[in-house]
Amino acid sequence: MYKHILIPTDGSACSQAALEVGLALAHRLGANVRLLNVLEYGEEAADAELPTSRTLFHNLARHQGKLALEQATALAQKYKVAFQTLQPSGWPEQVILEQAEDCDLVVMGTHGRGGPARWLMGSVAQAVVSKSHKPVLVVHAPSEASQEPPRDFARILIATDGSECSRGALQHGLALARTLRSQVTLLLATEYSFQYLGPEIAMSQEYGYLEDSLHSWGEAVLAQAQAQAEKEGLAAQAKLVKGKPLHRILEEAPNYDLVVMGTHGRSGWNKFALGSVSEGVVRRCPKPVLVVPARCAAG
């Protein structure tokens with residue numbers, strides 16, 4: 001399914017976890033891998049005999065980057081994956097997005113050497129996830145309480161809400177599950193807000209109408225998703241739950257090896273910001289999250 005995978009690395013624990021996941025996936029799929037380390041501080045000074053603090057910082061970054069690529073190379077050889085290494089200069093998010101153009105998938109950690117504080121609006125991971133035309137597989141560094149990142153993706157959770165974006169993510173996730181022979185669960189969470197319909201309708205009636213309507217809608221969406229899974233030769237389990245989508249996805253995620261979702265759903269593309277469902281899942285989910293952009297052709 002993926003023939004060319006891009007894996008940015010800086011040697012941090014988080015990028016190391018992403019590297020493990022990405023190389024394991026490449027091994028399963030027979031994909032080629034591009035290992036990328038970006039020098040963020042520009043080119044070296046023209047006169048090598050007049051070093052500046054920027055030059056020295058650049059040299060340190062280059063050295064650390066080379067070490068990260070050496071570690072990545074050793075791991076790629078362990079997984080017996082065909083690979084190439086690159087170490088260009090530039091803004092990391094811009095270079096990653098440029099390099100991703102001729103790749104099928106980007107695999108990266110949520111933060112690098114800058115620490116968790118980099119995971120804010122404008123951070124490298126945020127910029128890549130929100131701007132990429134290609135799917136991005138985001139991996140957290142394992143905590144002391146968690147297990148190592150999954151590498152087989154035997155159980156895949158696909159979150160859907162019936163929107164055009166989530167339908168694209170569904171198609172993409174099902175194609176991946178078929179390729180990896182994974183078990184699939186389709187998750188839809190229904191949430192409604194109170195709307196006053198007038199004094200002639202009791203509040204209990206109004207909630208009942210809304211709940212019944214949402215339940216019927218959710219069942220219909222999941223039935224369509226299951227029918228699509230059957231076309232892919234998959235017997236997908238459907239889960240219709242109540243509550244905020246973000247909370248319910250995070251509650252279900254630990255039971256799976258991978259979560260698949262679109263970059264935006266009913267909130268719209270301009271809502272892909274702090275607090276949105278997609279970003280909230282990427283930030284807080286302990287398992288890898290495959291984010292499929294709306295403009296990405298599934299499969």
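Below, all heavy atoms of this structure are taken into account, side chains as well, without hydrogens, waters or symmetry copies.
- Under the 3.5 Å distance criterion, the side-chain polar atoms of Thr263 are left unmatched by any main-chain donor or acceptor of Val291.
- Under a 3.5 Å cut-off, the side chain of Ser182 and the backbone N or O of Phe153 do form a donor-acceptor pair.
- Among all heavy-atom pairs drawn from Leu188 and Gly218, the shortest one is CD2-CA, 4.1 Å.
- Checking side-chain atoms of His27 against main-chain N and O of Ala76 turns up no donor-acceptor pair under 3.5 Å.
- Val128 and Trp91 fall into different hydrophobic clusters, where Ile, Leu, Val, Met, Phe, Trp and Tyr are joined by side-chain heavy atoms under 4.5 Å apart, directly or via other members.
- Ile249 approaches Ala159 most closely through the heavy-atom pair CD1-CB, 3.7 Å.
- Across Val259 and Ala253, no two heavy atoms sit closer than the pair CG2-CB, 3.8 Å.
- Each of Leu67 and Leu69 belongs to its own hydrophobic cluster when Ile, Leu, Val, Met, Phe, Trp and Tyr are linked at side-chain heavy-atom distances under 4.5 angstrom.
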Legend entry - Residue pair Ile5, Val81: steps toward the side chain to side chain contact (heavy atoms under 4.5 Å, CB included) verdict: CA-CA 11 Å; Ile5 298 176; Val81 170; over 6 Å; no

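- Looking at Lys66, Arg62, Gln87, Gln64 one by one, the single match for side-chain hydrogen bond (donor to acceptor under 3.5 Å, both in side chains) with Asn37 turns out to be Gln87.
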Inset, instruction - Could you go through the side chain to side chain contact (heavy atoms under 4.5 Å, CB included) check for Leu29 and Leu180 one step at a time? - result: CA-CA 8 Å; Leu29 300 177; Leu180 298 176; 3.7 Å; yes

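- Taking the centre of each ring, His172 and Tyr2 come in below the 6.0 Å mark.
- The shortest non-hydrogen separation linking Gly109 to Cys14 is CA-SG, 3.6 Å.
- Atoms CD and CZ, from Glu251 and Arg248 in turn, are 4.5 Å apart once rounded to the nearest 0.5 Å.
- Side-chain contact between Val136 and Pro293 is absent, with no heavy atoms from C-beta onward closer than 4.5 Å.
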Legend entry - Steps toward side chain to side chain contact (heavy atoms under 4.5 Å, CB included) verdict (Thr160, Gln224): CA-CA 11 Å; Thr160 183; Gln224 291 178 348; over 6 Å; no

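- The CD1 atom of Ile7 sits 10.5 Å away from the CG atom of Leu36 when rounded to the nearest 0.5 Å.
- Contact check for Phe83 versus Leu23: no side-chain heavy atoms found under the 4.5 Å cut-off.
- Within a 6.0 Å sphere centred on CD of Glu101, heavy atoms belonging to other residues, nucleotides or ligands number more than 12.
- Side-chain contact between Glu40 and Asp10 is absent, with no heavy atoms from C-beta onward closer than 4.5 Å.
- Between the CD atom of Glu98 and the CD atom of Glu93 there is a distance of 10.5 Å, given to the nearest 0.5 Å.
- The closest side-chain heavy-atom distance from Leu19 to Gln16 is below 4.5 Å.
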Inset, instruction - Please step through side chain to side chain contact (heavy atoms under 4.5 Å, CB included) for the pair Met261 and Val277, ending with a clear verdict. - result: CA-CA 10 Å; Met261 63 189 308; Val277 175; 3.9 Å; yes

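- Side-chain atoms of Asp257 come within 3.5 Å of backbone atoms of Arg155 as a donor-acceptor pair (strictly under, hydrogens ignored).
- Residues Ala225 and Leu174 come closest through the heavy atom pair O-CD1, 4.4 Å.
- To the nearest 0.5 Å, atom CG of residue Leu186 and atom CG of residue Leu240 are 11.5 Å apart.
- Counting heavy atoms from C-beta on, the side chains of Leu290 and Leu105 come closer than 4.5 Å.
- Between the side chain of Lys287 and the backbone N or O of Leu258 there is no donor-acceptor pair closer than 3.5 Å.
- Here the side chain of His4 pairs no donor or acceptor atom with the backbone of Ala100 at under 3.5 angstrom.
- Here the CD atom belonging to Gln226 is positioned 8.5 Å from the CD atom belonging to Gln237, to the nearest 0.5 angstrom.
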Inset, instruction - Decide side chain to side chain donor-acceptor pair (under 3.5 Å) for Gln183 and Tyr256; before the verdict, give the C-alpha distance in whole Å, the side-chain angles of both, and the deciding distance to 0.1 Å. - result: CA-CA 9 Å; Gln183 297 178 359; Tyr256 299 88; over 6 Å; no

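- Remark: the backbone N or O of Leu250 is not paired with any side-chain donor or acceptor of Arg284 at under 3.5 angstrom.
- The shortest heavy-atom contact between Ala72 and Thr9 is CB-CG2, 4.4 Å.
- Annotation: Gln71, atom CD; neighbour count of heavy atoms from other residues, nucleotides and ligands within 6.0 Å is above 12.
- With hydrogens and angles ignored, the 3.5 Å screen pairs a side-chain donor or acceptor of Arg28 with a backbone N or O of Asp152.
- Distance CG/Leu187 to NZ/Lys239: 7.5 Å, rounded to 0.5 Å.
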